[in-house]
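Structure first, commentary second.
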Amino acid sequence: QVQLVESGGGLVQAGGSLRLSCAASGSIASIYAMGWYRQVPGKQRELVATIIWLRSTNYADSVKGRFTISRDNAKDTVYLQMNSLKPEDTAVYYCNLDARTVNGDRGNYWGQGTQVTVSS
């Protein structure tokens, strides 16, 4: 089994900052990528940022220059530093993991989601 535990969401004023964390645990053999997606009611879940393990990062155009994704390899943890937050960043943020488990299966896993609310 694979578990993702997210933390760091909350309420912040426009222009403020938040840092999200997502720790992966369980029967993980190797991680290919981790990332953050977000969703607002009535809309599809959208990519915010991803990090390919030991390689590159990718950001949605709407967050480039404001958000930074990073990782801690030793802890199988990914972070999302969100600066200069805007009301349109308000959403439920979900952590995503692309990994292979110890039994050889490769899968995509999701966290439970954490609410980020940016007030104007």
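No hydrogens, no waters, no symmetry mates; every other heavy atom, side chains included, goes into these values.
Considering every non-hydrogen atom in both Pro87 and Ser120, the closest pair reads CG-CB, 3.8 Å. Minimum heavy-atom separation, Gly9 to Leu20: N-CD2, 3.5 Å. Taking each heavy atom of Gly8 and Leu18 in turn, the nearest pair found is O-CD2, 3.9 Å. The two residues Gln112 and Leu4 make their nearest non-hydrogen contact at OE1-O, 3.5 Å.
In this structure, Tyr32 stands alone, with no Ile, Leu, Val, Met, Phe, Trp or Tyr side-chain heavy atom under 4.5 Å from its own, directly or through other members. Cluster partners of Val102 are absent, since no Ile, Leu, Val, Met, Phe, Trp or Tyr has side-chain heavy atoms less than 4.5 Å from it.
Partners of Ser119 by side chain to side chain contact (heavy atoms under 4.5 Å, CB included), not counting sequence neighbours, listed by chain and number: Leu11, Gln13. Checked against side-chain hydrogen bond (donor to acceptor under 3.5 Å, both in side chains), Gln81 has the following partners two or more places apart in sequence or in another chain: Asn83. The side-chain hydrogen bond (donor to acceptor under 3.5 Å, both in side chains) search around Ser25 returns Gln3, not counting sequence neighbours. In this view, Ser7 satisfies the side-chain hydrogen bond (donor to acceptor under 3.5 Å, both in side chains) rule with no residue, not counting sequence neighbours. Listed by chain and number, the residues in a side-chain hydrogen bond (donor to acceptor under 3.5 Å, both in side chains) with Lys86 amount to none (sequence neighbours excluded).
Applying the disulfide (SG to SG under 2.5 Å) test to residues at least two apart or on different chains, none of the pairs has a partner in residues 38-93. Within the structure, disulfide (SG to SG under 2.5 Å) contacts touching residues 39-90 (residues at least two apart or in different chains) do not occur. Under the salt bridge (Lys or Arg N to Asp or Glu O under 4.0 Å) criterion, the residue pairs touching residues 101-120 are Asp98-Arg106, with sequence neighbours excluded. Listed by first and then second residue, the disulfide (SG to SG under 2.5 Å) pairs involving residues 24-120 are Cys22-Cys95 (not counting sequence neighbours).
Side chain of Arg66 to main chain of Ser84: a donor-acceptor pair is present (N/O by atom type, distance under 3.5 Å, no hydrogens or angles). Thr90 places a side-chain N or O within 3.5 Å of a backbone atom of Val118 that can act as its donor or acceptor partner.
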Go through the steps to decide whether Asn73 and Asp76 satisfy the test side-chain contact (heavy atoms from CB on, under 4.5 Å), and finish with yes or no. CA-CA 5 Å; Asn73 293 342; Asp76 287 344; 5.8 Å; no
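The shortest distance between side-chain heavy atoms of Val78 and Ile51 falls below 4.5 Å. Residues Leu97 and Trp110 have side chains not in contact (no heavy-atom distance under 4.5 Å, counting atoms from C-beta outward). In this structure the side chain of Arg19 never reaches within 4.5 angstrom of the side chain of Met82, judged on heavy atoms. Residues Asn108 and Asn96 are in side-chain contact: their nearest non-hydrogen atoms beyond the backbone lie under 4.5 Å apart. Residues Val48 and Tyr59 fail the side-chain proximity criterion, which asks for heavy atoms closer than 4.5 Å. Side-chain atoms of Thr57 and Ile52, non-hydrogen and from C-beta on, never get closer than 4.5 Å to each other. Proximity of Leu80 to Phe67: side-chain heavy atoms (C-beta onward) are separated by under 4.5 Å at one or more points.
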Please list, one pair per line, the donor and acceptor atoms closer than 3.5 Å that link side chains of residues 36-43 to other protein atoms, with sequence neighbours excluded.
unit_1	atom_1	unit_2	atom_2	d
Arg38	NE	Glu46	OE2	2.7
Arg38	NH1	Asp89	OD1	3.0
Arg38	NH1	Tyr93	OH	2.9
Arg38	NH2	Glu46	OE2	3.3
Arg38	NH2	Ser62	OG	3.4
Gln39	OE1	Arg45	NE	3.3
Gln39	OE1	Arg45	NH2	3.4
Gln39	NE2	Lys43	O	3.1

